[in-house]
2 protein chains.
Amino acid sequence: MTRMHKENSLSKNQQIIFDLIDKSPEPLKAYTILYNVQKKGINAPPQVYRALDKLVEVGKIHKIESKNAFVACKNSDCEISKATAFSICESCEVVDEISDIKLSKYLSSFNHKKGMKFKRFNLEFFGLCKKCK
Amino acid sequence: MTRMHKENSLSKNQQIIFDLIDKSPEPLKAYTILYNVQKKGINAPPQVYRALDKLVEVGKIHKIESKNAFVACKNSDCEISKATAFSICESCEVVDEISDIKLSKYLSSFNHKKGMKFKRFNLEFFGLCKKCK
DNA sequence: TTACATGCTGTTATATTATAACAATTCTAA
DNA sequence: TTAGAATTGTTATAATATAACAGCATGTAA
């Protein structure tokens, strides 16, 4: 049998759901994912949400909070999702992960006056993409 | 000015809901708001969500996307919610609006390589606050 | 070997968050 | 005063997410 617990390997459901998200050109919502994997034997919301939680935890996908949707990580720099940034077109809804070292460094070293030490951040930019403006 | 609307005043429901959020030390969720304003005659979710939508639109409150909760704007600089940043304690869940001109300017002038022109952004930092660390 | 801890799976039911659709009323500008 | 816009009230339902329970597979320790 396959080894389930190696650090780099995904379980069956995790792999199915990651593959779907990874090949999607747009962020996918949990129930859209569910409908698309029911033919593979994933029948119920908790199965989807558990896989999503794990994939987020290990940094394979990110959640776009303003859309309740998930995208595959395209960025080797955002180790375990500590520093994520996205651009979101308000018209066509296209989402791109921003990978900008300077931005990432700037924000990672940002310190709040009130003495809070940040462990991670999520940044979402909104506007009109090239095609839509 | 062609139109002298009631640009600065809130309707009854909007005012009730804004007051509740404004005096809360923590972000409030829509249904928490609903339970707390039922004694004032606001009975159903759409009434709450409509007021929230409007308050967000005019910049009196912000939505904390990662928590599906709302806070009053404490910051005269984020005109109509075009540039919002928050710090969120992962332990006690305290949320602070960050008002940092340099940060705001830096992000407002950030330009995506792919030619997208940004109209607004929302940034959420996570960590442990002074008390919790 | 047995026992146990851990992680993944499957399932039913339910909780939480948000909107659709429609009618009535109030406010505002001309 | 009157038309259009904004707001309100209401019922129903859609969309998003989790609780709670049980079973199975694998790795590790005794």
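Chain letters run A, B, ... following the sequence lines, proteins first and then strands; every chain starts at 1. Side chains included, hydrogens not; waters and symmetry mates left out as well; all remaining heavy atoms used.
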Heavy atoms under 4.0 Å is the rule here; annotate nucleotides 7-17 of chain D 5' to 3' with B where the base is hit, S where only the sugar-phosphate is, and - elsewhere.
SBBBB----BB
Can you measure I64(B) atom CD1 to dT17(C) atom C1' for me and round it to whole angstrom units?
16 Å
According to side chain to side chain donor-acceptor pair (under 3.5 Å), who are the partners of E65(B), at least two apart in sequence or on a separate chain?
none
The salt bridge (Lys or Arg N to Asp or Glu O under 4.0 Å) partners of D53(B) (sequence neighbours excluded) come to none
Output all residues satisfying side-chain contact (heavy atoms from CB on, under 4.5 Å) with K102(A), sequence neighbours left out; order by chain, then residue number.
D100(A), Y106(B)
The salt bridge (Lys or Arg N to Asp or Glu O under 4.0 Å) partners of K29(A) (sequence neighbours excluded) come to none
Euclidean distance, atom CG of residue L55(A) to atom P of dC8(C) [Å, nearest integer]:
10 Å
With sequence neighbours left out, what residues match Q38(B) under side chain to side chain donor-acceptor pair (under 3.5 Å)?
none
